[in-house]
Number of protein chains: 2
Amino acid sequence: MSQLYFKSSPTCEYCALSRNCTENINNTSAMQNVQVLTHKIYHKGDTLFCAGDAFNALYIMRSGSAKASATTIEADEQIVDFYFPGDLLGTDGFAQKQHAHNVSFLETSSVCYISVNSVNALLTHSELGRQQLLSNMSQNTLNQQQQLMNVHKMTSIQRLTSFLLDLSHRLAQRGLSSQQFTLSMTRIDIANYLGMAIETVSRLLTSMQQQRLIQVQRRHITLVNIPEMRKICLSDLLGQTEDESDGMQHAMLRSTTDYPLSSIGG
Amino acid sequence: MSQLYFKSSPTCEYCALSRNCTENINNTSAMQNVQVLTHKIYHKGDTLFCAGDAFNALYIMRSGSAKASATTIEADEQIVDFYFPGDLLGTDGFAQKQHAHNVSFLETSSVCYISVNSVNALLTHSELGRQQLLSNMSQNTLNQQQQLMNVHKMTSIQRLTSFLLDLSHRLAQRGLSSQQFTLSMTRIDIANYLGMAIETVSRLLTSMQQQRLIQVQRRHITLVNIPEMRKICLSDLLGQTEDESDGMQHAMLRSTTDYPLSSIGG
DNA sequence: CGTTATGTTGAACGTTTTCAATTCGTGTGG
DNA sequence: CCACACGAATTGAAAACGTTCAACATAACG
């Protein structure tokens, strides 16, 4: 009864409340207070919770993927995060005791359920649990700030490249291929998340393919030249200051009149 | 000895760990574990901590103001937050056990110091303390997301207006005038925070003054027409769909060729 | 009183958006 | 099984918003 469901879960190794979640619990008196973790399966388009819903639990993605979005007063949506197996979800509820986001699934997915009581028990009795939750929430803020920084300091090419690399990295962490993957989100989602027009996303993907940086076939993406993609994210002033002998390496950052990407610019 | 310093602090009523921080502590056994809170005075330009510094404590602003910034790989700065009396600071350290931000003061300021041990004690022994810290951290993330949303969905005029209104609101919460205040940050800071060029900030402030929305005299700002400013933040489609009989009310959102703000656009 | 940091203003340019027209894919119903 | 329809994605041309560059003004500070 007091055994945590995800103790034996195959995805537990990626669990956002850490790889040590089982030891974590076992080493404390929290077990008596922690309720049995249950999980549930959802399908594409299903919602886990909506903004305004009572904050009853945290969730951990076991499989699939999801997106979290906030709604502006003018009723348009802003996607604030994507979630993959192991990611912790729902901490937006701590602020107002009700959820601030809408979370919906991008494909068939399953999630663990951790009641707020369990969370409280964890915080009370486990030093590690405290650290993990606080670390996770702190990291959330840092990630959002990084995202904000990207919007402010990077061009759209850099942001999209950065997005793909980040996706690749997150999938690799979960034991999947870092070079080939299928996007579970639409271009619309990507554009919304990155704060650009879908047309821009489309154009950039096409251009990147022409540059032999990636291969695109609808939702299926292959990263062909990751080192070069990394350079693109870093480069900004580089593209302007270095001399022409550098060749086309930073073509996408240069004047739009010189290179294939010219179709992007005006 | 076990009495919290800020128990009698005049700023305690605005304290980020809630208005009830004293009751909070008194109602629990936390007092034995909580160390005496000390405070310290800093001057303009002083740094509280830097990215990479060990995470030893949280801080609460008692007076003055500060900014937190992150540094990109290319060494340029991104201001992620401004702090005013009562604000809780330093939770960025939970993620990696070291600080991720640089925090520096915009004017002479004083801050309370709360050691991580005290924080732990609070979390262990006080339900209210847990709620307050988690709520604060959750709210931080939501605020950053709001900021991100603003950058994505709002024009520069809307963002700057929103910034001024937010400032006004935060100062009002602290018992100061919501209509008249002195900016403790430079135009450079504002521009950096909002992700625009200083020239744009300057131009927009001038235009808003011409529109009789605000009065600007260097750092001193007077909000003249708050209701109209609120409208500007909300309006987006409005400015395009409503007919001309509406007069100049949404001038700043319209074509830049018609109105005083024309200097902003191309 | 001069030097430096901060702020303002103008004009040209560029990136990204918007509008508009197609194409592609997937699923639905005849 | 095909036709149809709808959403998703692509592509082009024009327009807008904000940036950049450059010159200048003003305040702060030693």
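When reading the values below, keep in mind they use all heavy atoms of this one structure, side chains included, and skip hydrogens, waters and symmetry mates. Nothing here was measured: the structure is a model prediction, and the numbers come from that model. Below, read A as the first sequence line, B as the second, and so on, with proteins coming before strands; counting in each chain starts at 1.
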Review point. Roughly how many Å is it from NE2 in A/H152 to C1' in D/dT19, rounded to a whole number?
Key: 14 Å
Review point. In whole angstrom, what separates B/N192's CG from D/dT19's C1'?
Key: 15 Å
Exercise for review: State which of D/dT20, D/dG12, C/dT16 makes the closest approach to the side chain of A/E199.
Suggested key: D/dG12
Review point. What's the CD-P distance between A/Q217 and C/dT26, to the nearest Å?
Key: 12 Å
Review point. How do B/R159 and B/K44 order along DNA chain D: which one's closest nucleotide is nearer the 5' end?
Key: B/R159
Check your understanding: Does the side chain of B/R187 get closer than 4.0 angstrom to OP1 or OP2 of C/dT8 through an N or O atom?
Key -> yes
Review point. Under 4.0 Å between a side-chain N/O of B/R203 and OP1 or OP2 of C/dG10, yes or no?
Key: no
Practice item. Answer yes or no: is there a side-chain heavy-atom contact under 4.5 Å between B/I221 and B/Q215? Key: no
Check your understanding: Looking only at side-chain N and O atoms, does A/S156 come under 4.0 Å of OP1 or OP2 in C/dT16?
Key -> yes
Review point. Can you check the B/L183 CG to D/dA28 P distance for me, whole Å?
Key: 14 Å
**Study point:** Sugar-phosphate, base or nothing in reach of B/L205, heavy atoms under 4.0 Å
**Key:** nothing
Review point. Just to confirm, is there a sub-4.0 Å distance from OP1 or OP2 of D/dA8 to any side-chain nitrogen or oxygen of A/T186?
Key: no
Point to revise | Gap between atoms CD1 and C1', on B/I198 and D/dA22 respectively (whole Å) | key: 13 Å
Revision key, fill the gap. From NE2 of B/H220 across to C1' of D/dA27 the rounded distance in Å is 17 Å
Exercise for review: Calculate the interatomic distance between B/L106 atom CG and C/dT6 atom C1'; express it in whole Å.
Suggested key: 15 Å
Point to revise | From B/E107 atom CD to B/S63 atom OG, the distance as rounded to the nearest 0.5 Å | key: 8.0 Å
Review point. What distance separates B/Q144 CD from A/L148 CG, expressed to the nearest 0.5 Å?
Key: 6.0 Å
Check your understanding: Quick one: on DNA chain C, does A/A197 or A/R218 contact a more 5' nucleotide (nearest heavy atom)?
Key -> A/A197
Check your understanding: Given D/dT11, is OP1 or OP2 found less than 4.0 Å from the side-chain N or O atoms of A/T206?
Key -> yes
Check your understanding: Do A/F49 and A/Y59 make the cut of ring centroids closer than 6.0 angstrom?
Key -> yes
Practice item. Any chance you could measure A/Q158, atom CD, to A/L234, atom CG, to the nearest 0.5 Å? Key: 8.5 Å
Practice item. Identify whether any heavy atom of A/R219 sits under 4.0 Å from a base atom; if not, whether one sits that close to sugar-phosphate; answer base, sugar-phosphate or nothing. Key: sugar-phosphate
Study note, to complete from the structure: Here the distance between atom C1' of D/dC17 and atom NZ of B/K153, to the nearest Å, is 18 Å
